[in-house]
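Data first, discussion second: the structure below is written as C-alpha cells.
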Amino acid sequence: MSRLLYQSFQQHTSLSEEDFQQILRYFHLKTIKKKSLFLREGMPATTIAFILSGTIRAYYLSDTGAEQVTQLAMEQHWIGDLYAFLKSEPARQYIEALEDTEILMVYSQDIEQLYKDYPQLERYFRILFQNAYVHTQQRLNSALYVPAAERYRQLLERNPAIAQRVPLIHIASYLGITPESLSRIRKQMAQS
C-alpha cells in the first residue's frame, strides 16, 4: 500500500527506492473505523495524512450545530486541517472516516526533518500546498458563480466514484446545497 505514497511523491519529485524506504520510517500507518474521527475541533493539528484506502470528509460545525463539509477525499489524497497544521494552532475542523480507512500519517516536526534530509520533499509539499490553495479558490469561485447542477456534474467528472461511496447528505453539504436540491439535480440528470 505504501507504493501509492511513493507514486504520489514521484509525480512532483524524484526519489530513489532507498530514499523512499528511509522516508517511510517517518510515516505511521493508522486504521480509522467508519464514522470515527481522525481529528476533532480543538485538538492539536500536528499531523496530515495520505489516504491509502477509504473515504474521509472534513467539516466545520456552525454556531447552530450544522455541518459544512469542506473536503471529500479518497485514496491517493492528503487530508488534514491544513490551516491549523501550518499555523501550529488547534484544529478548527472535524475529520471523519466515511468508510473503514487506512492512512499514513506524518507529524509536523517530522516533515521539517524530512525537508532537511530530503530537500526534494520540500518541493513536493510546496506543490501540494499550492494545489490545495488553488483548489480552495476554485471551490469558492464555483460556489459564487457556478450553478449547483454544474458543480455536481464537475464533481462527478473529477471523481465518478464519489456518488457511490459518499452519502448524498455529505455531497450536498460539500456543494453548499440542501439534500433535497441535490435529489432534484440527480433526478434531472437521470432524465436527460
Side-chain angles (χ1 to χ4, degrees), residues 1-41 43-59 67 69-86 91-115 117-118 120-136 139 155-168 170-171 173-174:
M1 293 282 272
S2 64
R3 300 314 303 167
L4 294 175
L5 180 61
Y6 184 66
Q7 291 167 3
S8 181
F9 285 151
Q10 293 296 84
Q11 288 177 359
H12 301 296
T13 190
S14 179
L15 284 177
S16 69
E17 182 63 37
E18 297 79 28
D19 284 346
F20 178 67
Q21 291 306 317
Q22 293 302 312
I23 289 165
L24 205 51
R25 295 180 312 146
Y26 289 91
F27 285 80
H28 308 277
L29 181 65
K30 181 174 181 161
T31 300
I32 309 167
K33 292 291 183 193
K34 181 179 181 174
K35 296 188 178 183
S36 296
L37 291 175
F38 166 64
L39 188 66
R40 178 185 304 276
E41 181 182 23
M43 286 176 57
T46 57
T47 63
I48 56 174
F50 183 80
I51 303 170
L52 296 171
S53 66
T55 304
I56 293 180
R57 73 177 175 131
Y59 64 95
E67 295 177 1
V69 175
T70 58
Q71 188 176 1
L72 298 170
M74 296 179 173
E75 293 85 4
Q76 300 183 40
H77 287 93
W78 288 87
I79 191 81
D81 186 334
L82 192 55
Y83 180 86
F85 177 79
L86 293 173
R92 296 177 179 189
Q93 296 186 61
Y94 294 82
I95 298 178
E96 176 190 36
L98 298 176
E99 302 172 329
D100 288 346
T101 301
E102 281 196 330
I103 58 172
L104 284 172
M105 308 184 324
V106 63
Y107 289 91
S108 54
Q109 72 269 17
D110 290 336
I111 286 182
E112 291 301 321
Q113 187 62 48
L114 286 168
Y115 289 166
D117 295 344
Y118 304 93
Q120 63 269 46
L121 287 186
E122 191 163 20
R123 178 186 194 294
Y124 171 82
F125 281 103
R126 177 184 53 79
I127 291 169
L128 185 76
F129 297 154
Q130 283 174 335
N131 288 343
Y133 175 76
V134 167
H135 178 75
T136 300
R139 264 198 81 218
L155 179 64
L156 293 180
E157 283 176 13
R158 283 191 309 273
N159 194 342
I162 209 160
Q164 286 78 42
R165 296 177 63 188
V166 175
L168 294 180
H170 300 320
I171 294 173
S173 176
Y174 179 77

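Reckoned from all heavy atoms, side chains included, excluding hydrogens, waters and symmetry mates. Worth saying up front: this structure is predicted, and the values here are computed from it rather than measured.
With hydrogens and angles ignored, the 3.5 Å screen pairs no side-chain donor or acceptor of T13 with any backbone N or O of Y124. Of the possible polar contacts, one joining the R139 side chain to the T70 backbone as a donor-acceptor pair under 3.5 Å is found. S8 contributes no side-chain N or O that, together with a main-chain N or O of L4, makes up a donor-acceptor pair within less than 3.5 Å.
In this structure, F125 and W78 have perpendicular ring planes: the angle between them is above 60°, well past the 30° mark.
Side-chain contact, E17 with Q21: a donor N or O sits under 3.5 Å from an acceptor N or O. For R126 and Q130, the side-chain atoms include at least one donor-acceptor pair closer than 3.5 Å.
Aromatic pair H170/Y59: ring centres not closer than 6.0 Å.
Applying side chain to side chain contact (heavy atoms under 4.5 Å, CB included) to I79 and the options M105, Q93, Q71 leaves one that passes, Q71.
For CZ of R40, the number of neighbouring non-hydrogen atoms (other residues, nucleotides, ligands) closer than 6.0 Å is 12 at most. At most 12 non-hydrogen atoms from other residues, nucleotides or ligands lie less than 6.0 angstrom from OH of Y133. Environment of NE2 in H77: sparse, with no more than 12 heavy atoms of neighbouring residues, nucleotides or ligands closer than 6.0 Å.
Contact check for L52 versus L29: side-chain heavy atoms found under the 4.5 Å cut-off.
In this structure, the side chain to side chain contact (heavy atoms under 4.5 Å, CB included) partners of E112, at least two apart in sequence or on a different chain, are Y115. Residues satisfying the salt bridge (Lys or Arg N to Asp or Glu O under 4.0 Å) criterion with E18, sequence neighbours excluded, are absent altogether.
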Apply the test side chain to side chain contact (heavy atoms under 4.5 Å, CB included) to residues L155 and Y174: give CA-CA distance (whole Å), side-chain angles for both, the deciding distance (0.1 Å), then the verdict.
CA-CA 10 Å; L155 179 64; Y174 179 77; 3.9 Å; yes
